[in-house]
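Everything on this sheet refers to the single structure shown next.
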Amino acid sequence: MGTDSGIDSIFTAAGTSLTILIAVIAVIIGAGLIRSYASWSRSSAQPLLSVKAAVVSKRSRVRSQQPYEEGQQQTRTDYYATFQVESGDRLEFTVSGRDYGQLAEGDVGKLTFRGSRFQGFERDNNRVIQFG
């Protein structure tokens, strides 16, 4: 009889621990979703801006994910471009692979963005960086 109550208490403790673990994971996922939505919402509320800018650098980041099955490795490439505006401020945006391929360091043109989201870049025929 003493053994049965000991086993019951172990299962009760394990069930409580599992419930707490699931609740913590749910809170972490919920907080991440809320933070992502808040960032998206803030960017969407910003006005669409177009400013004269120059492409000052480009970079990419390749990430590998663990394969679900043997021999199936997944990779993802993120592309970034940094622009310098007339005030001297630099802005870095995540850009698509297509935009990344069409941008070259030193390009000058009109940068269009909304909040922290890149909308586009229209290159001028002049590739010389001159502000003012």
Side-chain angles (χ1 to χ4, degrees):
M1 214 175 210
T3 307
D4 288 340
S5 71
I7 291 173
D8 288 344
S9 66
I10 289 172
F11 283 120
T12 302
T16 303
S17 298
L18 184 60
T19 302
I20 291 171
L21 179 64
I22 291 170
V24 167
I25 290 171
V27 166
I28 290 170
I29 291 171
L33 290 173
I34 290 170
R35 188 173 46 236
S36 293
Y37 176 76
S39 175
W40 177 84
S41 182
R42 270 193 309 276
S43 285
S44 294
Q46 297 294 318
L48 186 65
L49 298 175
S50 293
V51 295
K52 185 174 180 182
V55 179
V56 292
S57 73
K58 296 173 20 175
R59 67 182 179 94
S60 62
R61 179 179 70 168
V62 178
R63 295 184 286 162
S64 296
Q65 296 178 349
Q66 295 295 328
Y68 293 108
E69 296 180 20
E70 195 66 32
Q72 292 185 356
Q73 183 173 358
Q74 296 178 341
T75 60
R76 177 184 170 134
T77 305
D78 299 316
Y79 300 99
Y80 304 91
T82 303
F83 299 88
Q84 183 170 336
V85 296
E86 291 180 291
S87 66
D89 292 331
R90 290 186 175 200
L91 307 170
E92 182 178 64
F93 296 99
T94 302
V95 298
S96 70
R98 180 178 180 189
D99 288 326
Y100 182 86
Q102 292 179 348
L103 294 171
E105 291 184 18
D107 282 350
V108 176
K110 183 172 71 169
L111 168 67
T112 304
F113 63 98
R114 181 185 306 269
S116 61
R117 281 186 281 179
F118 174 81
Q119 299 291 314
F121 182 77
E122 292 179 33
R123 182 180 305 102
D124 289 344
N125 290 334
N126 179 5
R127 289 184 52 127
V128 178
I129 300 175
Q130 291 181 348
F131 291 119

Polar side-chain atom of Arg63 near backbone of Arg76 as donor-acceptor pair, under 3.5 Å
no
Between the side chain of Lys58 and the main-chain N/O of Leu103, is any donor-acceptor distance below 3.5 Å?
yes
What orientation do Phe118 and Phe83 show, parallel under 30°, tilted 30 to 60°, or perpendicular over 60°?
parallel
What residues join Ile25 in its hydrophobic cluster, counting side-chain heavy atom gaps under 4.5 Å, either direct or through other members?
Leu21, Ile29, Leu33
Given a cutoff of under 4.5 Å between side-chain heavy atoms of I, L, V, M, F, W and Y, with clusters grown through shared members, what are the other residues clustered with Leu18?
Ile22
Are side-chain heavy atoms of Gln46 and Arg117 found at a separation under 4.5 Å?
no
Taking distance alone, no hydrogens or angles, what donor-acceptor pairs closer than 3.5 Å link side-chain atoms of residues 94-102 to residues at least two apart or in another chain?
residue: Ser96; atom: OG; partner: Asp99; partner atom: N; Å: 3.1
residue: Ser96; atom: OG; partner: Asp99; partner atom: OD2; Å: 3.2

Which distance, rounded to the nearest 0.5 Å, do you find between the [atom1] of [X] and the [atom2] of [Y]?
{"X": "Leu111", "Y": "Ser50", "atom1": "CG", "atom2": "OG", "value": "7.5 Å"}
{"X": "Leu48", "Y": "Gln119", "atom1": "CG", "atom2": "CD", "value": "5.5 Å"}
{"X": "Asp107", "Y": "Phe121", "atom1": "CG", "atom2": "CZ", "value": "5.5 Å"}

Does one side chain, of Gln84 or Arg90, offer a donor that lies under 3.5 Å from an acceptor on the other?
yes
Flag for Ser64-Thr75: side-chain donor and acceptor within less than 3.5 Å:
no
Test of ring centre spacing under 6.0 Å for Tyr80 and Phe93
no
